[in-house]
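Protein chains get the first letters and strands the later ones, always in sequence-line order, with residue 1 at the start of each. No experiment lies behind these values; they were computed from the predicted model shown.
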There are 2 protein chains.
Amino acid sequence: MIRTHAPAGAVRQGSLRELNLALVLGRIAAADRPPSRADLATATGLTRATVSAVVEDLLAGRLVDEADPAPRAGAGRPARGLVLADQGPAGLGLEVNVDYLAVCVVDLAGQVRHRTVHRADLRPVAPADALARLVELAGQARTDAARQGLTLAGAALAVPGLVDDAGLVRLAPNLGWRDVAVPALLAAHPALTEQVPGVPALVVDNEANLAALGELHSRPPGPASFLHISGEVGIGAGIVLDGALFRGVRGWSGEIGHLPVHPQGRPCRCGGRGCLEQYAGQEAIVAAAGLARAELPADTATARLAELAGAGDADALRALQDAGTALGVAVAGVVNLLDLDTVVLGGGYAPLAPWLCPPVLTEITARVLTAAWSPVTVRPSTLGAEAAAVGAAGSVVRHIIARPAGWLARTG
Amino acid sequence: MIRTHAPAGAVRQGSLRELNLALVLGRIAAADRPPSRADLATATGLTRATVSAVVEDLLAGRLVDEADPAPRAGAGRPARGLVLADQGPAGLGLEVNVDYLAVCVVDLAGQVRHRTVHRADLRPVAPADALARLVELAGQARTDAARQGLTLAGAALAVPGLVDDAGLVRLAPNLGWRDVAVPALLAAHPALTEQVPGVPALVVDNEANLAALGELHSRPPGPASFLHISGEVGIGAGIVLDGALFRGVRGWSGEIGHLPVHPQGRPCRCGGRGCLEQYAGQEAIVAAAGLARAELPADTATARLAELAGAGDADALRALQDAGTALGVAVAGVVNLLDLDTVVLGGGYAPLAPWLCPPVLTEITARVLTAAWSPVTVRPSTLGAEAAAVGAAGSVVRHIIARPAGWLARTG
DNA sequence: GCAAATAATTCAATCGCTGAACAAATAGCG
DNA sequence: CGCTATTTGTTCAGCGATTGAATTATTTGC
């Protein structure tokens, strides 16, 4: 549970440097071209002298490298561009999902430097065994990262379920997990990452949350506030507000799947009736399209559905239309409530987006009061299938970028 | 549109003092007993020397007063308690609603030091005339505040409608306002408040938002994250997340009234069908209870309804039960989505809370996945009818408490 | 009346930013 | 080719704010 908040405590002499390190590094990360020290000075409002001093720290800590001088018009001494180091700290992203394990390594610049996906049905596998396989993949990732000059500074694990502050997976229904103490199980494999001060060694979080973070930090960066919807067997939403993931009071936000869309409709496993999940969940869509569910693993079902719809299959098209309408009703409610202007369809919805987006947009236009003044964008995720793993790894490096002082203070 | 965010820009030498001024003043404001300098030092992590220097600034700026030494057990020099000044800056809160105008003055400590409510049906009144009446009331409030030694540092106006960043009221349907440029209309009355650097002279915001802020800053303080629902003719929600009001991308968040609760149900003025407002809006409840709507102004209708329900009138009880159920369906969806643990019923719902809370809670318990692990509280607002005006005034003083440097830097 | 205890202030040291001067490196121009 | 204008980056004295230790202030308990 990373919470990126303002320095709530005392502001001491050294905090000043910490904050300015973060400010300058953040600017370097956000720039679309390698900025010079002078650029950073004007962008941040600091003096060139201060920027030079701060940059010196960043260079010494190997968070930043000097790039080849960028060609520039006009007279004057050529600037030396600054880029995020490609040999510095990196984040390890892990994902356990229903039908695959994924591991990836993301560097400071957000580049995916290593990626492994291991396809297998994880439902019959005991949590400890699944995690053991994941650790094995992580070990390979670790050596590959080292070969590339990267140091794993922390790890994050994405799980399709509810996770509490301590990393306990309270419930992952589609995986069949209940009260799985992930940190304790992984403590037996201590060398997942080096222990870096200020960077949590292992964060466990919900898959939808981490996928939304991945979208937020993708290039080009997503908007500061948006709703990211992962359509898997369940439907999870990652809510990004003002550039930060909103996790809720206990970290369990995003359960969009149980917004009512037909209150007197089909009973749902949550105890309510007519929940969105019963109409736009993957199983519901597949069943409505007339595909036998059991025969296909979840992700190939989605691919098959896209294939059928692309070929003009009437049942598939109708199923997607209905699902999109249900999704649109729910999303319109959320947009009314939170006043968002962007909705991203991710996870299993991404390949189906061409058919889902139109009905979703129709409902939004009809039901959102403010849609007349400013339009709402609905688009598919730019990340691939393992968005959550990439987002998990990204969350680690974003943590370092937001708090570089911790990394710089380490012995080494 | 106040956005309370971290210092995003350069952190210079002086920012240090600014941040620590805010830190110390915030502690004084949050404490339930007048803290000593030593208390503040341990609470903030600053040294006693620094706290003394900071407090000296706050005393000189008349934001803080020394209180009588509080009795303390044990030996040692007695501490001098620090309290928010009752003779310092204050906030002016204004409210235009369908059937009343309200003006109030709130001091730094959050005490309401002046309050005027002018009952009148404002629907037939032109916006400029309504605002002129409000300015007159504000003038009286201003002299009363001066008599009490208070200086009005800024003002906020609550409006039952959508307001954009510039203070333009885009649409206030129940008031009949459309595209009313409030700041321009009030510019003719320039002396609403003294111009204080760092404090916006006039903020215009949605009534539900400001009522939620009032709840957040009431004593005892509300939780850091909650949903505040104002049930008037429309239903508006103020969403407080992590101690800050969430306003959405354009400041139009909180339109909970158009969450679908019966998707194929009654058509709504928003263009959708079966919106919450059609089942739990004030007019809907009154009609369901068999009260003729036109005969009664809105607020007496609510009072009459509470009276009838209290007397055991079957129609009224059934109407409230049905409305509470519809409200509960919508609220359950929001709680699932945002993972909140507190829902506050305010505005017209406050007096009806005894009858609304049970069905709302029933729906939440049935539909919220995580309700089994940690309960959701549903309670009425602690503020009275003019909560929005109080919240508006409170938002001004909270602004000063969050950024005392601006007030201290003023000439005087 | 004295010691112990707690509160608050004073003061030299230090840290990090500022602003101005200075050094470095290049383009344009005669 | 050499000079000037221009822009980048560094150096350094100055200064504001915090720190930590010593000091003063004020009360309780013995």
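Remark: B:Ile400 CD1 to B:Leu25 CG distance equals 9.5 Å, nearest 0.5 Å. In this structure, CG in A:Leu210 is found 12.0 Å from CG in A:Leu216, a value given to the nearest 0.5 Å. The line from CG of B:Asp107 to OG1 of B:Thr151 is 12.0 Å long, rounded to the nearest 0.5 Å. Note that CG of B:Leu21 is 13.0 Å distant from CD1 of B:Ile401, once rounded to the nearest 0.5 Å.
Regarding A:Leu40, its CG atom lies at a distance of 13 Å from the C1' atom of D:dT8, rounded to whole Å. Here D:dT8 presents its P atom at 15 Å from CD of A:Glu66, a figure rounded to the nearest Å. The interatomic distance linking A:Glu56 (CD) with D:dT8 (C1') rounds to 16 Å, in whole Å.
OP1 or OP2 of D:dG9 has not a single side-chain nitrogen or oxygen of A:Ser52 nearer than 4.0 Å. Between D:dT10 and A:Arg37, a contact under 4.0 Å exists linking OP1 or OP2 to a side-chain N or O.
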Q | Sugar-phosphate or base contact per nucleotide [nucleotides 14-21 of chain C; S, B, -; heavy atom under 4.0 Å] | A | -BBSBB--
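Here salt bridge (charged side-chain N to carboxylate O under 4.0 Å, His left out) pairs that include residues 29-56 of chain A, with residues two or more places apart or in two chains, are A:Arg37-A:Glu66.
Taking 3.5 Å as the limit, the base of C:dA7 and the side chain of B:Arg77 contain a donor-acceptor pair of atoms between them.
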Side chains of residues 217-224 of chain A: which donor-acceptor partners sit under 3.5 Å, not counting sequence neighbours?
residue  : atom : partner  : partner atom : Å
A:His217 : ND1  : A:Leu213 : O            : 3.3
A:Ser218 : OG   : A:Glu215 : O            : 2.8
A:Arg219 : NH1  : A:Ala29  : O            : 3.2

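When heavy atoms are screened at a 4.0 angstrom cut-off, A:Ser36 is found touching the sugar-phosphate backbone but no base atom.
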